[in-house]
Amino acid sequence: MDFSLSNEQRSWQMIARKFAEEEIKPITLKLDEAPDAHGTFDWGIVEKGSKLGFRTMAVAKEYGGEGTDYVTQALVMAELARGDSSISKTFSQNWKWSHLIQQACNEEQKERFLRPFVADHRFLLGKGITEPTAGSDNRLPPKDAPKAGLKLRAERKGDEWILNGEKCFIANAPVGKLFFIDARTDPNAPLRQGTTMFLVPSDTPGFRIGKVFNKSGWRFYRNGEMIFENARVPHANVVGNVNTSDMKTAQAGDRTGGDLFGDLELAANALGVCDDACEQAMKHAKTAKQGGQLLIEQQHIALKLNKMNMLTEALRSYVMRIAWEHDHKVHSANAGLAMNFSTDVIQEVTEINLDIHGGAGGSEAARHAEKLVRDSFIWSHLAGDSVQRLKVAQRLARMTAPGH
Amino acid sequence: MDFSLSNEQRSWQMIARKFAEEEIKPITLKLDEAPDAHGTFDWGIVEKGSKLGFRTMAVAKEYGGEGTDYVTQALVMAELARGDSSISKTFSQNWKWSHLIQQACNEEQKERFLRPFVADHRFLLGKGITEPTAGSDNRLPPKDAPKAGLKLRAERKGDEWILNGEKCFIANAPVGKLFFIDARTDPNAPLRQGTTMFLVPSDTPGFRIGKVFNKSGWRFYRNGEMIFENARVPHANVVGNVNTSDMKTAQAGDRTGGDLFGDLELAANALGVCDDACEQAMKHAKTAKQGGQLLIEQQHIALKLNKMNMLTEALRSYVMRIAWEHDHKVHSANAGLAMNFSTDVIQEVTEINLDIHGGAGGSEAARHAEKLVRDSFIWSHLAGDSVQRLKVAQRLARMTAPGH
Amino acid sequence: MYSLHLSAEQIEFRDTVRSFVDDEIKPVVLNANRLDIGDRALPKDVLDKASQMGLRTLALAEELGGVGADALTCCIVTEELAAGDAGIATVLAETSALGLALFGAMTNAQRDAFLPAFLEDDRYHLAYASHEPDTDTALGIDYHRTTGTAHRVRTKAERNGDSFVVSGVKDAVVNAGVAKLFAVEVDTGKGIGVLLIPAGTRGLTVNENAEPRWYHGSCGEIILQNCTVPADSLLQGSANLRGEPGRGAPLAQAINLGIGRAAYEAALDYARLRVQGGRPIVEHQAIGGKLAEVAVRLEMSRNAVWQAAWASDHPAAQADRSLPNLPLTAMAQVFASEAIYRAVKDAAECFGAMGVMRDMPLQKYISDARICLYSGDGNSDLKLRIAEQLSGHRRAPLLAAE
Amino acid sequence: MYSLHLSAEQIEFRDTVRSFVDDEIKPVVLNANRLDIGDRALPKDVLDKASQMGLRTLALAEELGGVGADALTCCIVTEELAAGDAGIATVLAETSALGLALFGAMTNAQRDAFLPAFLEDDRYHLAYASHEPDTDTALGIDYHRTTGTAHRVRTKAERNGDSFVVSGVKDAVVNAGVAKLFAVEVDTGKGIGVLLIPAGTRGLTVNENAEPRWYHGSCGEIILQNCTVPADSLLQGSANLRGEPGRGAPLAQAINLGIGRAAYEAALDYARLRVQGGRPIVEHQAIGGKLAEVAVRLEMSRNAVWQAAWASDHPAAQADRSLPNLPLTAMAQVFASEAIYRAVKDAAECFGAMGVMRDMPLQKYISDARICLYSGDGNSDLKLRIAEQLSGHRRAPLLAAE
C-alpha cells in the first residue's frame with residue numbers, strides 16, 4: 001500500500017496545476033459566457049497545452065508521445081479540470097483515442113496516423129458512435145431487438161468502403177482531424193456481429209460536419225453532427241476485422257484502456273472540478289461575512305464544507321485506486337463504479353458550493369460557482385444515467401460467481 | 001502509488017477472514033437475538049481471537065504484541081466486521097487504548113499494564129469520558145461555557161487521588177480489566193486545562209460498574225455505567241501531567257493514533273459490514289426469484305446492487321488511503337472525513353440490502369440483513385452526528401490557510 | 001370548495017384519542033419491557049377501552065351500528081393511536097376498515113349471523129386472509145409486460161352439498177391472533193371468492209408464531225384442513241375487498257405518521273431540555289436545522305396521507321380534475337414511508353447513545369418505521385405501479401391486487 | 001369541512017390559462033433563442049394579452065376593479081403560466097400580489113391618484129423596493145440569539161415642506177424594468193415607511209442590467225437621488241407589506257411547480273415516444289421508476305404550495321388547530337424548491353445529451369428551477385426560521401422580514 005507519487009508523476013501534476021492556474025483559469029469564465037457555441041473555443045489554449053504534452057500524454061514514447069501511466073494521466077486530468085473541466089476533456093479525449101489506436105490498429109495504421117497526430121498541435125481525435133435513433137442501444141444492445149443500434153451503413157466497393165448516414169452528439173466533431181467511426185457492415189446481423197470500425201480523416205470526400213451543438217455546460221468542448229454522403233474510406237482504414245465491432249473492448253478484453261480509460265477519465269475530471277469547488281467554497285466561507293460574522297462560523301456552513309470535502313476526498317481515493325488498477329491490469333467493475341460515483345459527487349459538491357455562494361449573484365465567484373454546476377450536469381448522461389449504471393451492474397454480476 | 005498488500009498484510013487479512021467465516025458467522029445471529037444484554041456476549045470467541053492475536057494487534061512486538069501497521073489493522077478490522085461488527089469492535093477497542101498506552105504512558109506504566117494485558121486472553125481495555133450531563137461538551141468544549149464538560153471529580157490525597165462521580169455509556173465497562181478515566185482535577189478551569197487522565201483497574205476500591213446497557217445494535221459490544229465512590233487511584237496511575245487532559249491528542253499532536261485510530265477504526269469496521277451486505281445482496285439477487293425470474297434480471301434490483309457496491313468500493317479506497325496516511329504520519333482531516341463518510345455509506349448500504357431482501361422476513365438471511373441495519377445505526381452517534389461532523393469541519397478549516 | 005378546515009367532530013375525535021393515548025396507552029407501553037422490539041404482547045385491556053370508545057367500529061356505517069367515520073377521520077384517529085403504540089393502532093385500524101368492507105358486502109342473512117356479536121363483543125376483531133406462502137404479485141417482472149405471474153389463489157373451497165370444504169394455507173394475515181372472524185380468499189372452482197369463517201371453526205388453525213415476524217400488532221398464519229363452512233358463508237359480488245389498487249385509505253402510513261410524530265415530539269422536547277455547548281441543543285443551528293427538516297417531512301407526509309384518504313372517499317374529485325387521476329395512496333406510501341423513516345432516524349440522532357438503547361423509545365420508533373418502510377411489495381414495485389398509470393398502461397386489477 | 005374539491009371557477013381558470021399557455025406562450029418561448037438562458041427579453045404582447053385576461057389584476061379586490069382571486073387560485077394560475085414561461089409568470093404574479101397589498105393599504109386619495117391608470121393600462125406593473133446592497137437578514141447568525149443585524153433601511157426620505165426628498169439605492173427589485181409604480185421602503189426619520197413613487201419621477205433611475213442576473217422576468221436596481229415626491233405619497237400603517245414571515249402566498253414555489261411540471265410532461269411524452277432497448281423507454285423499469293419519483297415529488301410539492309396558499313387566506317384554520325401553527329409557506333419553500341430541482345434534473349436525464357442543449361427546453365427548466373432553489377436567504381436560513389418557531393422562539397418581525 002502506497003499513496004505517494006513518483007517524482008515524474010508529481011512533476012506532471014505540478015506542470016498541469018501551473019498551466020491551469022496561469023493559462024486556463026484566466027479565460028475559463030469568459031469562454032463559458034460566450035453567447036454562441038463558436039465563441040466558446042480557443043485554439044490558443046489547445047496549442048499551449050499541446051506544447052506541454054497535454055495532447056499526447058497517452059501516446060507511447062516510441063511514437064513521440066509522453067507515454068505516461070494511468071496514474072499520471074488521472075493526476076493531469078484532475079489538475080486541468082481544476083482550471084476548466086471541458087478544456088481538460090478536450091485534451092484527454094485525444095488520450096482516449098490514442099489508447100485505442102495503439103491497442104486496436106495495425107503497425108501501418110499507427111505509423112500513418114500517430115505520427116501526424118503527434119506532430120500537429122491542432123490535431124484532435126474523436127469517435128462517432130451515437131446516432132439520432134441509436135443512443136443507449138449501442139451501449140446496451142437489447143437481446144430482444146437484434147437490429148437495434150447504429151444504422152450508419154458501410155458497403156464494400158473494391159478497395160473502398162462507401163459510408164452513408166449520420167452521427168450526432170459527437171465530441172470534437174467540429175475541430176477533429178481524425179475520427180473512429182462505427183458503421184453497420186452487415187445490416188442483418190446483431191450490432192456486435194454486424195459492425196465495423198473505420199478510421200475517417202476529416203477531409204474524407206463525402207464526409208462533412210453538420211450542426212454544431214450549443215451546450216449549457218462544458219461549453220469549450222465542441223460537439224456536432226457528422227454527415228456521410230457516399231463518403232469513401234479506403235479498406236486500409238478498417239480497424240481490426242470486418243464485422244467485429246467495438247474493438248476497444250472486444251479484441252483485447254478490458255485491457256485496451258478504451259472503455260476503461262473513458263471511465264477513469266470522467267471520474268478524474270470530476271475530481272478536479274470538486275477540488276475547484278471545495279477551494280472556492282472554503283475561500284468564500286473564510287472571507288464573506290453575514291451580519292459581521294464569517295460564514296464559516298455558522299454550523300450550517302461548516303456542515304456543508306464538511307460534506308463537500310468528504311465526498312471529494314472519497315472520490316480522490318477511488319480515482320487514484322482505479323488509475324493504479326489500470327496500470328496493473330486489475331480486472332474489476334471499479335472503473336465503471338467510480339465513474340457512476342463521480343456523477344453523484346460532482347453534482348452534489350458543485351451544488352453545495354453554489355449554495356454557499358448564495359446562488360449566482362453578480363460576483364465572478366458566484367458566476368463561476370454556477371458554471372461548475374452547469375458543467376457537472378454533463379455527467380448525468382455521460383457517466384451516471386441509468387444505462388451507465390445498469391451496464392456496470394451487469395459487469396458486477398459477471399464478476400461474482402453464480403449463486404454468490 | 002501502490003494498492004497491493006505486503007505478504008504479511010495479506011496473511012493477516014486471510015487469517016481474519018477465515019476466523020470470521022468459521023468462528024464468528026456461525027454464532028453472530030444467535031448472540032444478536034439473545035433477549036437480554038447479558039446473553040449477547042461470549043468469552044469463548046474473545047479467547048479464540050486473542051490466541052490468534054486479534055486482541056493485541058496494536059501492541060509493539062517488544063511488549064509481546066503483534067506490532068502491526070495501520071494498514072494491517074484496517075484490513076483485520078474490516079474482515080472481522082464482515083463476520084460481526086461488534087465482535088470486531090470488541091477486539092479493536094483494545095488496540096485503540098493500547099495505542100494510547102504506548103503513546104501517553106511512561107515506561108513504568110507500560111511495563112505495569114501492557115505486560116499483563118498481553119498475557120491474559122480475557123484482559124480488555126476501555127476509556128471513560130462521557131457522563132450523564134457531558135457528552136458532546138467533551139468533544140467540542142464550548143467557548144462561552146468554560147465549566148461545561150465532564151464533572152467526575154478527582155482530588156489529591158497524599159499519594160492517591162480520590163475519585164467521585166459517574167460515567168455512562170462506557171464501552172467494555174462490564175468486561176474490561178483496565179480503564180482510562182478522564183476526571184476533573186481543577187473544577188474552576190476549562191475542560192482542557194482542568195482535566196487529568198488516570199489509569200483505573202477494574203478492581204480499584206470504591207469503583208464499580210452500574211447498569212449494563214441493552215442496545216438495539218452492536219449487541220455483543222458491552223456497554224455500561226461506571227460509579228466512583230471515593231475510588232482510590234495511586235498517583236502513579238496519572239497519565240502524563242495533571243490538568244493537561246486529553247492526552248491522546250494534546251501531547252503528541254495527532255500522531256498517537258488515539259483519536260485518529262478511532263476514526264480509522266469506525267470507517268474500517270463499516271467497510272467490513274458493507275462487504276457483508278454486498279455479498280448477501282448479490283447472493284440473494286442471484287438465487288431468489290420473483291415470478292420465475294431471478295431478482296437480478298430486474299433493473300431496479302440491478303441499480304440497487306450497483307449503488308451499494310459503488311459506495312462500498314469508494315469507502316474501501318478511502319479507508320485504505322487513510323490507513324496508509326496514518327502509517328506515514330500524514331496530517332489531514334481525512335480520518336475524520338472518512339469516519340463521517342462511513343456513517344452515510346454503512347447505513348445506505350445495509351438499508352439497500354434489507355430492501356433487496358424485502359424486509360426482515362423469516363429467513364435467516366433477511367434477519368441477518370435487518371441486524372446489519374440495526375448495527376449500522378450505531379454510527380449515527382459514534383461517527384456521524386453533527387458534532388462529529390462539525391469537529392472535522394473545524395479541523396478542515398484549520399488545515400487550509402486563512403482567507404483561502 | 002377547497003378547504004383544509006377539519007370538522008369540529010374531527011378535532012374533538014383527535015383530542016379525545018390524544019388524551020386517551022396520554023392517559024391510558026403511554027403509561028402502559030413506555031416501559032423497558034414493552035419498548036423491547038422483541039415484545040409482541042398486546043395490552044388487551046387497553047384495546048377493550050379503545051373499543052368501548054368506538055375505535056373498533058370507527059369506519060362501520062352508522063346504520064349498522066358503527067361510528068361511520070370517513071377515511072380522513074380514520075387516518076387522524078389512527079395516527080393518534082400509533083403515536084402511542086403502533087401495535088394497538090394496527091389492530092384497531094384493521095378491524096375498523098374490514099368492518100366497513102365486510103359488513104357492507106354481506107347479505108342480510110350474513111349480517112344477522114355476524115353483526116350482533118361483532119357489535120357486542122369488545123374483543124371481536126376481524127382479519128382478511130389473502131396472501132399465501134411463496135406467492136408474489138411480482139409487478140417488477142410484470143412491468144409493462146403481459147407475461148408474468150397472476151395473483152394465484154391455491155386455497156381450494158370445494159362445494160359439498162350445502163357447505164364448502166376449505167383447504168389451504170394463508171400467511172401474513174393481519175389480526176390473525178385476535179380475530180374472531182376471518183374473511184378468506186378461496187378458489188371455489190367457479191372463480192375467486194371470499195368465505196366468512198369464524199375463529200374456532202373445526203379445521204381452522206391459527207399459528208401466531210409463524211415467520212415473518214415483521215409486523216405491528218398481531219399477524220400470523222392460518223391453516224385450513226377440510227374446514228367445513230355453510231355454503232351461504234360466501235360473500236356476494238367482487239372478491240376484491242381492498243378497492244382499486246393504490247387508492248384505498250392509507251391507514252398503514254397513518255400509523256407511520258403516528259410513529260414519526262412520537263419520535264419528533266420526543267426529540268423536540270429533549271432538544272429543548274438537554275444543554276450542551278452552553279445552551280439547549282435546539283439552539284444550535286445543526287440540531288435546529290435537523291428538527292426543521294424532520295417537521296417538514298412529517299407535515300408533507302401528513303398532507304399526502306390526508307389527501308389520499310379524502311380522495312378515497314371522493315372519487316368525484318378525480319373525475320372533475322380537482323385531483324390528478326393517479327394512485328394517490330400508493331404515492332403517499334412511497335413518499336411517507338421514506339420521509340418518515342429518515343425523520344425518525346434524524347430524531348433519534350438527537351439523543352446520542354440513548355437513541356439506540358432498548359429501554360428507550362427511539363430505537364422502537366426506528367424499528368416501527370422500518371417495518372412501515374419495508375412492507376408489502378416494497379416501494380420499488382409501488383413506483384412501477386405508479387409509472388404504469390402515468391404512462392396510461394392498464395392491467396387486469398388482480399394482477400396488481402395489493 | 002375538509003375538501004380538496006376545486007371550485008368550478010378555479011378549474012375553469014386553470015383550463016383557460018392552460019390553453020392560453022399552449023396557444024399563445026409556448027409558440028413564442030419554445031424556440032432556440034428564447035430557450036437560451038442568456039435571453040432576458042419579455043414578450044410584451046403576450047403580457048398584454050395576459051393582462052387583458054385579468055391576470056395582472058388577479059388578486060386585486062373585486063370592489064377595486066380586480067378579479068379578487070384568492071391565494072389558492074393565484075397559485076393555480078401562476079403554476080399554469082410558469083409551465084409556459086417562468087418570466088411571464090413572475091411579472092404577472094408580482095404585479096397581482098402587489099396590487100392586492102398596495103391598493104388595499106392606500107388612502108382614498110392615493111387610490112384616486114393611481115388606481116384608474118393601473119386598471120386601464122395593460123402595461124402598468126408594480127414593484128416593491130425593499131432590499132438594499134450589502135444588507136442581509138442574517139438569520140443564521142441571529143438564530144436563537146438577540147444579537148446580530150437588524151433589517152436596515154439606509155434609503156432616507158427627508159421631509160421638506162409638503163414633500164419627501166428620497167436618496168438611496170435598492171437592488172434585487174422584482175419588476176424594476178416594467179413597473180410604472182414603485183413602493184419604496186424608506187427611513188423617514190420617524191421610522192420605516194413605504195413611499196409610492198411613479199416611474200419617471202425625477203431623481204429615480206432604473207438600472208435593468210445590474211447584478212445579480214439571477215431572477216425570472218424583470219429585476220434590477222433603482223437609484224434614488226434627491227427624488228422628490230409629495231408627502232401624501234406615504235403609505236399609512238404597517239410598512240411590512242409582505243405579511244407575517246413564512247406565511248404569505250407561496251407564489252415563488254407556484255412558479256417552480258410550473259417549471260417542474262413542464263419538465264415532467266416533456267420527459268413523460270419523450271419517454272413514451274423514444275424507443276431504445278426494443279421498446280419505449282418508459283417501459284424500462286429504470287425510466288419508469290424515475291418518472292414515478294418525479295411525479296410523486298411534484299404532487300407532494302403541489303400539496304405543500306396549495307396548503308400554504310389556502311392557509312394564508314384562512315388564519316382561522318391555524319387558530320382552530322385544523323392546521324399546525326407553523327410557517328407553512330416557509331416549509332413549502334424548503335420542501336418544494338429541493339424536490340422540484342431534483343425532479344427537473346431527473347426529467348432532463350431521460351433526454352440524454354439533448355438534456356443539456358441550449359436550444360432544447362430541459363436545460364432552461366433546470367436553470368429556472370435552480371434560480372428558485374438558490375433565492376432569497378436560502379433554505380438553510382429558512383430551516384432555522386422554522387426551527388425557531390418549532391421551539392417557540394419569538395423574534396421581532398423585522399429581524400425576520402422576508
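The chains referred to below are lettered A, B, ... by the order of the sequence lines, with proteins before strands, and numbering in each begins at 1.
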Can you see which heavy atom on D/Tyr143 is nearest to which on C/Val282, and at what distance?
OH-O, 2.5 Å
OG of D/Ser380 to CD of C/Gln285: how many Å apart, nearest 0.5 Å?
8.5 Å
Out of C/Glu283, C/Arg297, C/Met300, which one racks up the most heavy-atom pairs below 4.5 Å with chain D?
C/Glu283
With a 4.5 angstrom heavy-atom cut-off, is it the side chain or the backbone of C/Glu293 that approaches chain D, or both, or neither?
side chain
Of all the heavy-atom pairs spanning D/Ser322 and C/Leu4, show the shortest one and how long it is.
CB-O, 3.5 Å
Should C/Val296 and D/Lys383 count as side-chain neighbours, where that means a heavy-atom distance under 4.5 Å?
no
Contact class of C/Leu390 relative to chain D, heavy atoms under 4.5 angstrom:
both
Distance, nearest 0.5 Å, that separates OG of D/Ser3 from CG of C/Asp313:
12.0 Å
Within the structure provided, determine whether C/Glu299 and D/Pro324 are in side-chain contact (heavy-atom separation under 4.5 Å).
yes
Distance, nearest 0.5 Å, that separates OG of C/Ser391 from CD1 of D/Ile281:
11.5 Å
Count the heavy atoms belonging to other residues, nucleotides or ligands that lie under 6.0 Å from CZ of C/Arg274, then report whether that count exceeds 12.
yes
Roughly how far, to the nearest 0.5 Å, is CD1 of C/Ile386 from CG of D/Leu291?
11.5 Å
Could you tell me which non-hydrogen atom of C/Tyr2 sits nearest to which non-hydrogen atom of D/Trp310, and how far apart they are?
O-NE1, 3.2 Å
Find out whether C/Arg321 and D/Arg14 are in side-chain contact, i.e. whether some heavy atom of one side chain is under 4.5 Å from a heavy atom of the other.
yes
Which atoms of C/Ala316 approach chain D - backbone, side chain, both or neither, heavy atom under 4.5 Å:
both
Tell me, for D/Arg272 versus chain C, whether the close heavy atoms (under 4.5 Å) come from the side chain, the backbone, both or neither.
side chain
Minimal non-hydrogen separation, C/Gly288 against D/Ala387, with atom names
O-CB, 3.3 Å
C/Met1 and D/Ser7 have their tightest heavy-atom pair at SD-CB, 3.7 Å
Is it the side chain or the backbone of C/Arg302 that comes within 4.5 Å of chain D heavy atoms, both, or neither?
neither
Please classify the contact between C/Gln307 and chain D as side chain, backbone, both or neither, with a heavy-atom cut-off of under 4.5 Å.
both
